[in-house]
Amino acid sequence: MSRALATASSRTQPVLPVGLDAARLPAHVAVIMDGNGRWARRRGLPRVMGHREGVEALKRTLRLCSDWGIGALTAYAFSTENWNRPGEEVSFLMTLFERVLARELEGLEREQVRIRFLGDLEPLPPGLRELIANATARTAANSGIHFNVCTNYGGRAELVHAARRLAEQAARGELDPARIDEELFAAQLHTAGEPDPDLLIRTSGEQRISNFLLWQLAYAELHITDVLWPDFNEAALTTALLDYQNRQRRFGGVAPTPHQP
Ligand code: FPP
């Protein structure tokens, strides 16, 4: 991302904040970037200024995750429900996505970021769809962090879409329904090929999943912070990662005890 990512330090030896264990970083971090509107209102600014500042927070987060060796960052930029916002705000967001993509593509390429947009992209404005297709193609072979931007994304819609794809294959006689298992199902999701997020960060204090990655977050650790998204910075990300590293992940099993044979 032009200025921000261009300053990223060498990827060979990440310098992590004190206390973070490089060997136990999440491979995949997901973020619900909430609180842009409140950030703007507190400053007496129009809501859209919060979104503009939110882009800066996203660039910071991407650069930090990339620098620290986190494999994937998935951000919830626009939900299927966000079309219900005032028309002016929706148009602002679409134009913002276009501008950001056009402006940042060169930096993403330089920094080896692989960007993908997850969701139903059909209803997006044609200009944005073109930019998305171009950015996706131009960064597809990049070796760095996977940056997924969920745009017109809804978790339930994604599950329905996956179920329909499998049903169509079965109806054509190409798939025996008895063969459908979790792996086959996950291969039909927008996130196919990506490991599930280990950590979900939600800003601005709301304690909800909001139709985000319903399948993929099954075993994610949740970190909810009162920080508003535009204020999300290195300290806030470090706090989230330290919180994650203090959790004991059991995936439905039991915690190992020192006395177990
Ligand atoms: C939620 O805050 C934020 C959004 C709906 C938009 C987030 C989008 C970006 C930061 C831009 C990302 C752009 C690209 C191209 C990667 P809110 O409006 O719900 O805040 P509120 O809850 O305080 O009202």
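The first residue of the sequence shown is numbered 1, and numbering continues consecutively from there. As the structure is a prediction and not an experimental result, all values here were calculated from the model. We count ligands from 1, going down the list as the structure has it; atoms in each ligand are counted the same way.
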Are more than 12 heavy atoms, taken from residues, nucleotides or ligands other than E88, located less than 6.0 Å from that residue's CD atom? no

Classify the ring geometry of Y76 against Y153: parallel below 30°, tilted from 30° to 60°, perpendicular beyond 60°. perpendicular

The option among M33, E56, R47 carrying the non-hydrogen atom nearest to atom 24 (O) of ligand 1 is R47

Report yes or no: does D34 have a heavy atom closer than 4.0 Å to ligand 1? yes

Tell me whether K59 is salt-bridged to E56, with the criterion being a basic N under 4.0 Å from an acidic carboxylate O. yes

Looking only at non-hydrogen atoms, which of L58, L228, N36 approaches atom 12 (C) of ligand 1 most closely? L58

For the residue pair R42 and W39, would you count it as a cation-pi contact if the rule is NZ or CZ under 6.0 angstrom from the ring centre and within 45 degrees of the ring axis? no

Out of E89, R99, R38, R85, who gets a non-hydrogen atom closest to atom 19 (O) of ligand 1? R85

Pick from C150, A57, G37, G205: the one approaching atom 20 (O) of ligand 1 most closely through a non-hydrogen atom: G37

Heavy atoms only: which of A77, G54, G50, G35 is nearest to atom 8 (C) of ligand 1? A77

Using a distance-only test with no angle check, is there a side-chain donor-acceptor pair under 3.5 angstrom linking D196 and W215? no

Check each atom of ligand 1 against the heavy atoms of V55 and keep those under 4.0 Å away; list them by number with element. 10 (C), 11 (C)

Side chain to side chain donor-acceptor pair (under 3.5 Å) for H146 and E194? Distances and angles first, verdict last. CA-CA 9 Å; H146 292 182; E194 202 75 270; 2.9 Å; yes

